Amino acid sequence: RAEIAEGAIEGSGEVDLEAFVPQKMRFGVDLRGLKLRVPKEVSTKATGRVTLEGDLKGLLLGGDVVLEEVRYSENLDFNKVLANLRKKKVKLTSFDKEKEFLKFDLGVKADSNIVVKNNLVDTELKADIRITGSTQRIGIIGTASTLRGKARILSHDYDVKRAQVQFRDRYRIAYSLDVQADTTCH
């Protein structure tokens with residue numbers, strides 16, 4: 001047990017040995033109110049349990065994490081954001097099963113309190129997603145959606161009525177975005 005990052009973590013684990021060679025392993029870490037900055041622009045407070053189990057041929061990183069608080073406030077350039085959305089997607093041409101040593105099944109949930117407030121948006125979101133796939137083919141399934149929102153794009157103010165990002169692929173990060181917003185024209 002340790003007090004760290006304004007929160008607490010407590011872990012345990014075991015390794016099954018055969019002739020002093022690891023056969024199976026199981027590790028778990030409980031997080032309580034852990035404050036992180038990953039990436040550095042995003043401040044996060046998280047609680048939950050993360051596990052790592054398997055053998056030397058393959059491990060599974062799993063568990064469930066609740067995001068109690070997420071804050072992002074870095075200003076953005078709308079034209080750069082739009083250009084990034086329009087970029088061609090990278091096509092993976094090969095998949096090496098031998099390099100797929102770690103698989104993912106990690107739930108991430110926030111009933112509210114994901115707040116993005118910068119020069120473009122002022123919104124609060126909720127999310128219920130699972131990080132899936134593997135080190136070779138990471139994916140996300142689930143949904144993130146707005147609870148409330150306002151946006152300012154190209155000198156126009158919008159009231160965001162609904163915005164939802166739907167992730168549907170276990171082996172890649174592919175999403176659909178559905179937004180409904182109102183503005184008044186003068």
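Heads up: numbering here begins at 1 and tracks the sequence. Atom set for the values below is all heavy atoms of this structure, side chains included, hydrogens, waters and symmetry mates excluded. This structure is a prediction, so every number in the text was calculated from the model and none was measured.
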CD1 on Ile141 to CZ on Arg170, rounded to 0.5 Å:
3.5 Å
Has the side chain of Thr47 got a donor or acceptor atom that lies under 3.5 Å from a matching backbone atom of Gly33?
yes
My understanding is that only residues two or more places apart in sequence, or in another chain, count here; which of them pass side chain to side chain contact (heavy atoms under 4.5 Å, CB included) with Ile140?
Ile129, Phe167, Ile173
Is it true that Ile9 and Leu61 fall in one hydrophobic cluster, defined by side-chain heavy atoms closer than 4.5 Å?
yes
Specify the closest pair of heavy atoms between Thr143 and Gln164, including all atoms of both residues, with the distance to one decimal.
CG2-NE2, 3.1 Å
Please give me the minimum heavy-atom distance between Ala5 and Leu34, naming the atom from each residue.
CB-CD1, 3.8 Å
Residues passing the side chain to side chain contact (heavy atoms under 4.5 Å, CB included) test with Phe101, sequence neighbours excluded, are Thr135
Short N-O contact, Lys126 and Glu124, less than 4.0 angstrom
no
Check side chain to side chain contact (heavy atoms under 4.5 Å, CB included) between Ser176 and all other residues, then give those that pass, not counting sequence neighbours.
Gln166, Arg168
Return yes if some donor-acceptor pair links the side-chain N/O of Ser134 with the main-chain N/O of Arg137 below 3.5 Å, else return no.
yes
Give the cluster check for Leu82 versus Val116: same hydrophobic cluster or not, with ILVMFWY residues linked at side-chain heavy-atom distances below 4.5 Å.
yes
For Glu6, the option from Arg37, Arg32, Lys35 that meets salt bridge (Lys or Arg N to Asp or Glu O under 4.0 Å):
Lys35
Would you compute the distance between atom NZ of Lys24 and atom CG of Asp16 and round it to the nearest 0.5 angstrom?
8.0 Å
Given the rule in the side-chain contact (heavy atoms from CB on, under 4.5 Å) test, do Leu120 and Phe78 qualify, once you have shown the distances and angles that lead to the verdict?
CA-CA 7 Å; Leu120 295 180; Phe78 177 72; 4.1 Å; yes
Step by step, work out the side-chain contact (heavy atoms from CB on, under 4.5 Å) result for Val42 and Val70.
CA-CA 7 Å; Val42 179; Val70 178; 3.6 Å; yes
Hey, mind stepping through Val65 and Leu106 against side-chain contact (heavy atoms from CB on, under 4.5 Å) and telling me if it holds?
CA-CA 8 Å; Val65 175; Leu106 181 64; 4.2 Å; yes
Hey, mind stepping through Lys150 and Asp157 against salt bridge (charged side-chain N to carboxylate O under 4.0 Å, His left out) and telling me if it holds?
CA-CA 7 Å; Lys150 296 198 177 295; Asp157 292 325; over 6 Å; no
So CG of Leu125 and OG of Ser145: to nearest 0.5 Å the spacing works out to 7.5 Å
So do Leu36 and Lys45 actually touch side chain to side chain, heavy atoms under 4.5 Å?
no
Trace of the side-chain contact (heavy atoms from CB on, under 4.5 Å) decision for Tyr158 with Asp182:
CA-CA 5 Å; Tyr158 294 86; Asp182 293 337; over 6 Å; no
Which pairs count as side chain to side chain donor-acceptor pair (under 3.5 Å) when at least one residue sits in residues 110-123, sequence neighbours excluded?
Arg71-Asn113, Asp122-Arg148
For residues 49-59, pull every pair meeting salt bridge (Lys or Arg N to Asp or Glu O under 4.0 Å), keeping only residues two or more places apart or in separate chains.
Asp30-Arg49
In Å, rounded to the nearest 0.5 Å, how long is the span from CD1 of Ile131 to CG of Asp105?
10.0 Å
State yes or no: do Leu76 and Ile153 share one hydrophobic cluster built from I, L, V, M, F, W and Y residues joined by side-chain heavy-atom distances below 4.5 Å, directly or via other members?
yes
When rounded to the nearest 0.5 angstrom, what distance separates CD in Glu3 from CD in Glu10?
10.0 Å
Check side chain to side chain contact (heavy atoms under 4.5 Å, CB included) between Glu18 and all other residues, then give those that pass, not counting sequence neighbours.
Gln23
Atom CD in Glu14, atom OG in Ser12: separation rounded to 0.5 Å?
8.0 Å
Mind checking whether Leu177 and Val160 sit in one hydrophobic cluster, side chains of I, L, V, M, F, W, Y counted as touching below 4.5 Å?
no
Is there a side-chain contact between Tyr171 and Thr132, using heavy atoms and a 4.5 Å cut-off?
no
Taking all non-hydrogen atoms of both residues into account, name the closest pair between Leu67 and Ala110 and its distance.
O-CB, 3.6 Å
Would you find more than 12 non-hydrogen atoms of other residues, nucleotides or ligands less than 6.0 Å from Leu56 atom CG?
yes
Treat each ILVMFWY residue as a node, draw an edge where side-chain heavy atoms are under 4.5 Å apart, and state whether Val29 and Phe27 are in one component.
yes
